[in-house]
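Right, one structure below, let's go through it.
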Amino acid sequence: MDIASKYNPKEVEPKILQKWLKDNSFSAKSDTKHKPFSIAMPPPNITGILHMGHALNNTIQDVLIRFKRMQGYRSLWMPGTDHAGIATQNVLEKELAKEGLKKEDIGRKEFIKRLWSWRDKYGSTIIEQLKKLGASCDWQRTRFTMDERYSEAVKDVFISLHKKKLIYRDNYIINWCPRCKTALSDEEAAHKEIDGWLYYIKYPVFPKPETKNPHPAYIVVATTRPETMLGDTAVAINPKDTRYDWLKGKTIILPVVERELRLIEDEAIDPEFGTGIVKVTPAHDPVDFMLGKKYKLDFINIMNDDATLNKNVPNDFIDKDRFQARRELLALLEERKLIERKEPYKVNAGHCYRCNTIIEPRISLQWFVRMKPLAKEAIKVVEKDKIKFYPQRWKKVYLNWMYNIHDWCISRQIWWGHRLPVWYCGGCNPDLKLHLSPKLEELDPNNPILRSEFNIRSIASNLAYVVSKEKPVCKKCKTANWMIQDSDVLDTWFSSWLWPFATLDWPKKNKDLNYFYPTNCLITASEILFFWVARMIMSGLEFMKEIPFRDVIIHGTVRDDKGTKMSKSLGNIIDPLEIIDKFGADALRFSLIMLAASGSDVYLSDSKFLVGRNFSNKIWNATRFIFLKIKDNNIRIDNLEFKILDIPDKWILKELNTTVEQITSYLESYSLNEAAKKIYDFFWHVFCDWYIEIIKDNFTPNRAKVSMYILLNSMKLLHPFMPFISEEILQLIKDNTSLRIEKNLGHLDWPKEYKLKIEKKDIEEINALFDSIKEIRNIKADLGLGQKKVKLEVKTKVEKQNLWQDNKAWLQRLTLTSEIAFKNELERVLYENFFWSLNFDTESVDMSVFVSSLNKKIKNLEGVAKKVNARLKNDSFLKQASHDIVNKERDKSKSMSWELERLKKLQRAFAPAK
RNA sequence: GGGCGGUUGGCGCAGUGGAAGCGCAUCUCGUUUACACCGAGAGGGUCGUAGGUUCAAAUCCUACACCGCCCACCA
């Protein structure tokens, strides 16, 4: 057996991965004899490639899944991808553009066909990348939000909500992306401040013919979007604002358009802002829309779907882009001296979350989900902590959003997605029939198709509709021949909100759904709390009558080392695959977990991954050393039962017990980074730095077993974090010992406490030895003796002499002393504790560094001791503090004076004679 | 405008009432029975500011400052 002195993940990881996949290691079957544990992976977009955010998100999930699997749960991690309507469509549109084509050029059918073949080719890239990360998903269950069965569930949900009148169709002001040419939900409009102008525009006011006019012949309104004035139908003031009493009864004329505007009064108007008068554009502004509804104003839609102006504006502006129109309109107003002034202004504008185009609020016929009724239960379960957030503070954020929830616009005017199960009859609607192709119908009477790219939307508001999963028969015409499906598709999130149960083949009743739902945890970044998490809770309660998950774990955002969010467009991304290539997936995973304090953002740079890389190598070499020793000493290990245990053996086993207990409890409370720190610290600084150092001299068969036991259990503890290297080391254990281990590491039992008798005295003694070693090293370093071998003198009782004698070899090595001699008296005392005093020869060395460090220590300690002693003399402290505290302080004071005494003795021994 | 976080050594973070800690970086020493992707040591902080509560405050309270997120119909 030869083990390389450097760990090579590039060789190990693909090999282990291959084995896992071949054995189908992570398949999860329902089994009522065991408890279930399940997580539904947030499905990445099919357009996605693995980025650091995914790496962090999925590592957290994998740690929990692997941990629970080892604890004996039937652990299901459900993987899958999201069709990501707009995002995917945009990608393909860009591809088409390379051929000089638009999607309209090839038509809907062909476009969808290409989308599917694109997804077959690239859509599972990210799944393959997740495998490289070590994700232990049940890959055979991989789902896609547009799978046939999943699509059925989506339709069922639409129909069910519609039946309950929780889905409705209405003309409403929505966020419109003029580039994607679709409606967006409120959540999909990201508000960002941009630099703009606030324009003060004069609207002329005319007196009624018979009255005189003592006031200026215009009013001034302020706006950031002047072009929308072409759709104004009113101006508004606050009813309490007496400044404009004179306006009542006058005629206000909209410039350029020359339309008469109504004057309305509403509390919503802030008299302090601008001039206190607001122009009202009901079809292009959310507030104005409300006012329009309230006061029954005219709604004039002035824009086409690409945000060029339509025929409802004066001729000069028709077909001009909104920003071009703005410039030209401003010029015209300027010319007519109708602009009073303009001032720089920060405009808070909505941006399309997919293409970053500025949203145009626009009135439009869309489909909505009534959210208030759905939110009711979803609020309760969080208020009552049936669903808990980690960190807790997100509970408030969630609730605040839920209390103020608005209806959800779910229809999208794109092609890639689940088409609305809504049908119109051409037979009953001549307008529509005109556009149905009779020719194609002859070929397939059951499949009428639109003749051209005519958009049903343009006449939909006049059409009666039928909601149905399959093509329905028209009640009037008694035939399905003229039935045509709505051209809109559903918001992507309208399918992903069903993820926790639709992936388990809901609505089909089945064992797995019953067993694995509700899932245990949901792990996500805060960005999709409203998009996804909140909606899943609502849909779970609505359709499963049960919460979808119990714990929501929200991790931070991945940033670069300057704190900027990583994004492709900023070019500051660190590619997880490159890190895997350079350092290994284990190193990537471990480093991420170490850096991600629960819920806080993660700052990354290439060098941050060295933690994981170095740790892998350390583990590798410790293992290598143990096996070298076993081989050198010709030891056969066929069981892990220990007969005789020395103090260091008992000590390390006890340390392992503590570590097991702590890691288990950290993992159970989702403090993954604490757990990772613990295994790191135990393996490196307890096991390697002390135990292995100790046993080097005396590698008995018994100690071979103890170290093998520690190694094996460390690998188990490590496995959730570093699955590859731990699995590989288990393989080495199998290959190089006679231990019978049947399973993969990931399926072995999670470590338990090792029952062991250890007396308090043993622990005290070994700690006294460790302290002595550290102190000797300290003093030697201060004296500049560094690595020089000195003669150590020990003064202690016979009984403790035996302790030193028994452990002499390693004590000598760890203190770098050439010999240890027992003395009845010491010439001077360099270190003493309850059990013994020590001295060693210092020959002619420079004492100055040592003495000054000694003086400093004494000064510090004196300072603290003074405070403690003052406290102990303070009556109010003695009266008011608890007994425990007072006793603690007394102990503290005692040990401090003892330590001070010791230091002062040293000082006397070393201080240059004056 | 509202809400929520944060402010602790050069950097990233722990510490939620009783002697300021960890990792990285820095410095010194070191080829020693695996590992230089290593080992042994050292230096470095009046815990954002100002008040208050308390025998005792990094920790609790109140203001303020700065940073960051989220929500919101101030045109």
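What you see is a predicted model, and the numbers here were worked out from it, not measured in a lab. Throughout, protein chains are lettered first and strands after them, A, B, ... in sequence-line order, and every chain is numbered starting at 1.
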Between [M] and [N], how far apart are the [atom1] atoms? Round to whole Å, please.
N	M	atom1	value
A34(B)	G23(B)	P	24 Å
A20(B)	G52(B)	P	23 Å
U49(B)	U7(B)	C1'	11 Å
G39(B)	U31(B)	C1'	11 Å
A50(B)	G3(B)	C1'	25 Å
U16(B)	G21(B)	P	15 Å
C22(B)	A14(B)	P	16 Å
A58(B)	G9(B)	C1'	14 Å

Using atom [atom1] of [X] as one end and atom [atom2] of [N] as the other, report the distance to the nearest whole Å.
X	N	atom1	atom2	result
E193(A)	G68(B)	CD	P	12 Å
K780(A)	U32(B)	NZ	P	14 Å
N175(A)	C73(B)	CG	P	10 Å
N874(A)	G18(B)	CG	C1'	13 Å
K696(A)	U32(B)	NZ	C1'	7 Å
F683(A)	A34(B)	CZ	C1'	11 Å
L783(A)	A42(B)	CG	P	13 Å
I3(A)	A34(B)	CD1	C1'	10 Å

Checking all strands, does [X] fall into the base, sugar-phosphate, or nothing category for heavy-atom contacts under 4.0 angstrom?
X	answer
V868(A)	nothing
Y403(A)	nothing
D681(A)	nothing
R613(A)	base
N348(A)	base

Which base, if any, makes a Watson-Crick or G-U wobble pair with [N], both distances under 3.5 Å?
N	result
A63(B)	U49(B)
C55(B)	G18(B)
C4(B)	G68(B)
U33(B)	none
A42(B)	U26(B)

Check every atom of [options] against the side chain of [X] and return the nucleotide holding the closest atom.
X	options	result
R624(A)	A75(B), A34(B), C55(B)	A34(B)
Y680(A)	A34(B), C24(B), C35(B)	C24(B)
N400(A)	C71(B), U33(B), G18(B)	C71(B)
E674(A)	A14(B), U33(B), G5(B)	A14(B)
A781(A)	G41(B), G5(B), C24(B)	G41(B)
I885(A)	G39(B), G18(B), C73(B)	G18(B)
K618(A)	G18(B), C13(B), A34(B)	A34(B)
D270(A)	U33(B), G39(B), A75(B)	A75(B)
K774(A)	G5(B), A75(B), G41(B)	G41(B)
K6(A)	C37(B), A34(B), A75(B)	C37(B)

**Message:** Judged by each residue's nearest nucleotide on RNA chain B, which is more toward the 5′ side, F615(A) or Q880(A)?
**Reply:**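 This one resolves to F615(A).
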**Request:** Could you check L861(A) against K396(A) and say which one's nearest nucleotide on RNA chain B is further toward the 5' end?
**Result:**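 Result of the comparison: K396(A).
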Would you tell me if any nitrogen or oxygen in the side chain of [X] comes within less than 4.0 Å of OP1 or OP2 on [N]?
X	N	answer
K856(A)	G44(B)	yes
Y603(A)	C13(B)	no
N778(A)	A42(B)	yes
N614(A)	C38(B)	yes
R871(A)	C55(B)	no
K582(A)	C37(B)	no
W684(A)	G39(B)	yes

**Request:** Would you tell me whether E674(A) and S669(A) have side-chain atoms, one donor and one acceptor, within less than 3.5 Å of each other?
**Result:**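 S669(A) and E674(A) do not have a side-chain donor-acceptor pair below 3.5 Å.
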**Prompt:** Is there a donor-acceptor contact under 3.5 Å linking the side chains of N621(A) and Y7(A)?
**Reply:** no
**Asked** Do E693(A) side-chain and A34(B) base share a donor-acceptor contact under 3.5 Å?
**Response** yes
**Prompt:** Would you say the base of U33(B) and the side-chain of K629(A) have a donor-acceptor pair closer than 3.5 Å?
**Reply:**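 Donor-acceptor pair under 3.5 Å: yes.
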Whether [X] and [Y] hold their rings parallel, tilted or perpendicular, with breakpoints at 30° and 60°:
X	Y	answer
F590(A)	F615(A)	tilted
Y345(A)	F273(A)	perpendicular
W690(A)	F770(A)	tilted

**Message:** Just verifying a value: how many Å separate D689(A) CG and I694(A) CD1, rounded to the nearest 0.5 Å?
**Reply:** 10.5 Å
**Item:** Aromatic ring proximity, centroids under 6.0 angstrom, F530(A) and Y398(A)
**Value:** no
**Prompt:** Are the ring centres of F682(A) and Y691(A) closer than 6.0 Å?
**Reply:**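 No, the ring of F682(A) stays outside the 6.0 Å limit from the ring of Y691(A), centre to centre.
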**Message:** Check this for me, if you would: do K696(A) and E693(A) make a salt bridge, where the nitrogen-to-carboxylate-oxygen distance has to be below 4.0 angstrom?
**Reply:** yes
**Pair R225(A) + D285(A): basic N to acidic O under 4.0 Å** = yes
